Amino acid sequence: MNNKFTYQLIKHLADYFYLYLCKTKKKTNTNKKIMAKDFITRAENYSEWYNELVVRADLAENSAVRGCMVIKPYGYAIWEKIQRALDDMFKETGHQNAYFPLFIPKSYFEREAEHVEGFAKECAVVTHYRLKPKRDGTPGLEPDPDAKLEEELIVRPTSETIIWDTYRGWIKSYRDLPILCNQWANVVRWEMRTRMFLRTAEFLWQEGHTAHATSEEAIEETKKMLEVYAYFAENFMAMPVLKGIKSPNERFGGALDTYCIEAMMQDGKALQAGTSHFLGQNFAKAFDVKFLSKENKLEYVWATSWGVSTRLIGGLIMCHSDDNGLVLPPKLAPIQVVIIPIAKTEEQQAAVNTEAEKIMAELKVMGISVKYDNREEYKPGWKFNEYEFKGVPVRITIGARDLEQGIIELARRDNLTKETIPIEGASQKVAKLLEDIQENLFNKALSFRENNTRKVDTWEEFLVEIEKGGFLSCHWDGTVETEKKIKELTKATIRCIPLDAIEEEGKCIFSGKPSHKRVIFARAY
RNA sequence: CGGGGUGUAGCGUAGUCCGGUUAUCGCGCCAGUUUUGGGAACUGGAGGUCGCAGGUUCGAAUCCUGCCACCCCGACCA
């Protein structure tokens with residue numbers, strides 16, 4: 001059963017998930033392979049597959065938790081790794097963590113016109129603060145009509161409004177600036193269609209909100225945080241990203257410019273992995289946040305906001321995983337090395353244990369997280385498979401038979417190769433191997449992206465190429481109408497206008513009007 | 001909200017068209033014995049409101065009606 005690992009992987013990452021194999025009338029080919037990269041994505045071309053793999057959160061009898069997920073310990077450990085790495089980088093760039101309320105008065109949203117338009121359709125609204133038994137005597141509870149809130153509260157879909165309402169009280173003079181705050185929190189967006197890890201109704205994220213005295217400084221901050229995200233994606237997640245600016249149509253509600261990093265998944269679709277917004281003075285004006293400048297003039301504050309979410313876990317899975325399960329880059333793997341003993345007699349077990357303890361101690365000194373799995377209820381073959389679908393980068397097998405010759409077996413997850421090495425110096429070898437794997441994963445993903453990025457110059461060609469997936473580098477006339485039309489016809493959107501785009505004269509792929517830069521089109525999650 | 005589909009044990013399923021003994025099989029779970037270098041074998045065992053409610057019938061997982069839930073496509077989505 002090829003879907004077995006996927007099922008177990010999901011069980012490990014998210015609790016209370018059901019695996020639902022969509023049944024069709026065709027009963028042949030039920031054992032068709034279900035690829036790792038599709039475990040979140042659904043098979044794009046599922047007509048080939050008579051079983052389709054999807055997951056959903058356990059609803060019990062409560063439709064209100066539609067599209068939410070419980071993240072199991074192993075999945076959460078990955079999130080913690082992501083958090084820690086990012087948080088360190090935020091601190092290095094001078095940011096501090098803070099926390100703002102989950103509930104935002106409805107009226108706050110109404111103050112910034114574009115912002116409210118962007119989020120109004122997906123807000124969870126709190127209207128009452130108390131329940132009471134049903135009035136008609138039937139069992140159950142209902143909101144107490146006497147406990148209706150004067151003003152409805154919105155469960156935050158993002159915190160710009162409440163944070164800028166708070167910043168008003170913090171900012172009086174240029175000496176109070178800049179304010180560089182970050183918040184680790186959950187947010188709720190009532191999406192009509194949810195997809196595990198990529199678009200859940202509730203998700204965990206980090207949102208930075210900064211306030212600056214000048215436009216230049218705010219723009220610099222916006223770009224700096226984009227660089228932080230790009231660095232993190234490439235060096236920790238081993239996921240190459242394109243840095244760019246969003247077209248007006250894809251821009252964040254209330255922003256003047258939205259910068260983003262875009263990654264390519266194994267099926268050629270784009271995933272927006274992080275965004276950094278230059279908000280101009282929009283929120284300062286909406287929430288009346290002014291400061292006295294050095295020149296003794298009253299001015300509105302300049303703002304940025306930036307965020308990444310648990311969607312990164314989805315990106316991580318879809319970027320690297322293979323048919324054997326998850327593949328984690330060593331820098332984000334909760335377990336970097338697993339040691340599996342093979343021994344029959346008690347004597348052999350003792351010998352293997354001693355050797356394992358020694359290697360573990362050496363690895364721990366080097367800051368490598370290592371797990372020794374000496375559970376007796378599972379056989380080695382079982383464990384091999386288990387750690388493969390959990391994506392542990394390096395596996396060491398210590399067998400009594402090999403121990404006599406002073407060797408152990410080293411297996412790497414990224415290319416599934418194995419080698420036997422002397423015990424002497426094994427830990428150094430492992431450390432080196434972890435670095436190799438990190439690098440290899442990045443290079444593999446990078447060459448995949450390069451092989452699937454094409455220049456396209458005619459509309460006919462575009463229509464053919466977009467079906468093949470990947471990024472299409474094309475000229476665009478810069479108008480929203482053209483972009484919308486292309487989206488309507490092909491489902492492809494402008495992922496970004498790359499920051500490193502070269503000046504080049506050309507004609508818009510669709511309208512034929514002049515253009516001087518190529519932009520990236522793709523289908524996206 | 002529109003179109004299409006599905007509900008049988010913890011999970012995956014057979015049986016439904018064409019009603020008929022005690023609802024099938026696999027995984028997992030429990031007990032015991034033998035096992036351990038790529039998901040062990042055998043024996044025994046536990047586990048079910050057949051989504052819910054009505055109806056037809058001597059008899060309903062199966063037929064009819066209504067409802068509920070979920071999935072897929074669409075609308076929606078930085």
Side-chain angles (χ1 to χ4, degrees), chain A residues 1 3-5 7-8 10-11 16-25 27 30-31 42-43 46-47 51-63 66-67 114-115 117-122 157-158 160 189-195 198-201 245-255 257-260 262 271-277 305-309 311 324-325 340-345 348-349 352 374-389 395 397-403 408-409 411 416 418 420 487 491 493-496 524-525:
Chain A
M1 286 290 283
N3 60 1
K4 194 167 172 182
F5 89 81
Y7 165 64
Q8 286 173 339
I10 293 162
K11 292 260 278 195
Y16 303 126
F17 272 25
Y18 290 138
L19 173 102
Y20 183 79
L21 288 167
C22 185
K23 285 192 296 185
T24 69
K25 295 206 167 129
K27 286 176 186 168
T30 47
N31 285 330
R42 309 164 291 146
Y46 69 92
S47 57
N51 288 336
E52 182 179 359
L53 181 70
V54 293
V55 291
R56 65 179 176 84
D58 188 359
L59 300 179
E61 288 175 25
N62 186 356
S63 63
R66 179 198 300 268
E114 286 181 28
H115 193 65
E117 182 161 343
F119 288 103
K121 286 179 231 158
E122 50 186 50
T158 179
E160 274 79 3
R189 296 181 187 179
W190 212 265
E191 306 285 357
M192 283 177 166
R193 182 87 144 278
T194 57
R195 199 167 285 172
L198 300 182
R199 183 173 290 116
T200 43
I245 302 185
K246 283 289 183 196
S247 61
N249 195 40
E250 300 277 321
R251 198 182 279 155
F252 175 79
D257 262 321
T258 289
Y259 291 75
C260 62
E262 292 285 329
L271 182 74
Q272 178 176 304
T275 49
S276 181
H277 314 291
S305 71
W306 27 273
V308 295
S309 71
R311 172 182 260 207
N324 294 308
I340 295 172
I342 301 175
K344 292 180 190 176
T345 65
Q348 288 179 334
Q349 276 171 5
V352 168
N374 58 356
R375 288 177 299 174
E376 284 175 12
E377 57 271 34
Y378 293 101
K379 298 179 70 174
W382 174 278
K383 295 176 189 171
F384 293 166
N385 284 286
E386 176 172 0
Y387 292 103
E388 264 164 31
F389 69 65
R395 182 186 74 226
T397 310
I398 304 180
R401 206 170 66 197
D402 291 342
L403 216 49
I408 54 174
E409 187 186 82
L416 296 169
K418 294 189 277 198
T420 48
K487 184 176 178 180
K491 287 185 182 170
T493 50
I494 298 177
R495 299 321 302 156
C496 69
Y525 281 104

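Below, read A as the first sequence line, B as the second, and so on, with proteins coming before strands; counting in each chain starts at 1. These numbers were taken from a predicted model, which means no experiment stands behind them.
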Go through the structure and list residues passing side chain to side chain donor-acceptor pair (under 3.5 Å) with A:E250, not counting sequence neighbours.
none
Students often get this wrong, so: under 4.0 angstrom with heavy atoms, is A:K491 touching a base, only sugar-phosphate, or nothing?
sugar-phosphate
Once salt bridge (Lys or Arg N to Asp or Glu O under 4.0 Å) is applied, do any residues pair with A:R401, and if so which ones, sequence neighbours excluded?
none
Provide the distance between the two P atoms, one in B:C63 and one in B:U8, to the nearest whole Å.
16 Å
Touch check for A:Y259, heavy atoms < 4.0 angstrom, all strands: base, sugar-phosphate only, or nothing?
nothing
Using atom P of each nucleotide, how far apart are B:C18 and B:A9 to the nearest Å?
26 Å
Expressed as a whole number of angstroms, how long is the span from A:L416:CG to B:G39:P?
15 Å
Pi-cation contact, A:F384 with A:R395 (under 6.0 Å, within 45°)
yes
A:N249 CG to B:C76 C1', in whole Å, measures 14 Å
Span that lies between the P atom of B:C68 and that of B:U22, in whole angstrom
35 Å
Just how far, in rounded Å, is C1' of B:C76 from CD of A:E117?
14 Å
With sequence neighbours left out, what residues match A:A255 under side-chain contact (heavy atoms from CB on, under 4.5 Å)?
A:R251, A:F252, A:T258, A:H277, A:L279
Name the pairs: protein N/O against N/O of nucleotides 35-37 of chain B, kept only if under 3.5 Å.
residue: B:G37; atom: N7; partner: A:R401; partner atom: NH1; Å: 3.3
residue: B:G37; atom: O6; partner: A:R401; partner atom: N; Å: 2.9
residue: B:G37; atom: O6; partner: A:D402; partner atom: N; Å: 3.1
residue: B:G37; atom: N1; partner: A:D402; partner atom: OD2; Å: 2.8
residue: B:G37; atom: N2; partner: A:D402; partner atom: OD2; Å: 3.0

Can A:E160 and A:S305 be counted as having a side-chain donor-acceptor contact under 3.5 angstrom?
yes
4.5 Å side-chain heavy-atom contact, A:K383 and A:E388:
no
A:K121 side chain: which of B:G39, B:G38, B:C76 is closest?
B:C76
Hunt down any stem RNA chain B takes part in, defined as 3 or more consecutive Watson-Crick or G-U pairs whose two distances are each under 3.5 Å.
B:1-7 with B:68-74, B:10-12 with B:25-27, B:29-34 with B:40-45, B:51-55 with B:63-67
Classify the side-chain pair A:K246/A:Q272 by whether it contains a donor and acceptor separated by less than 3.5 Å.
yes
For a quick check, tell me whether the side chain of A:E386 and the base of B:G39 share a donor-acceptor pair closer than 3.5 Å.
no
Would you please name every residue forming a side-chain contact (heavy atoms from CB on, under 4.5 Å) with A:A524, sequence neighbours left out?
A:A270, A:T493, A:R495
Quick one: does A:I408's side chain get under 4.5 Å of A:T397's, heavy atoms only?
no
Integer angstrom distance from the P of B:A46 to that of B:C52
24 Å
Closest to side chain of A:N385, choosing from B:C77, B:G74, B:G38:
B:G38
Base, sugar-phosphate alone, or nothing: which one does A:R395 contact when heavy atoms must sit under 4.0 Å apart?
base
Using the P atom as the point on both nucleotides, what is the distance between B:A23 and B:A61, in whole Å?
10 Å
Distance, rounded to the nearest Å, where A:E191 contributes CD and B:A75 contributes P:
14 Å
In whole angstrom, give the distance that lies between atom CD of A:E122 and atom P of B:C76.
13 Å
Could you tell me how far apart A:Y387 (OH) and B:G38 (C1') are, to the nearest whole angstrom?
15 Å
Using atom P in both nucleotides, what's the gap between B:U34 and B:U16 to the nearest angstrom?
45 Å
For B:U13 and B:C27, measure between their C1' atoms and round to the nearest Å.
11 Å
Min side-chain heavy-atom separation A:L403-A:I398 under 4.5 Å:
yes
What interatomic distance, in whole Å, is found between C1' of B:U24 and the corresponding atom of B:G47?
16 Å
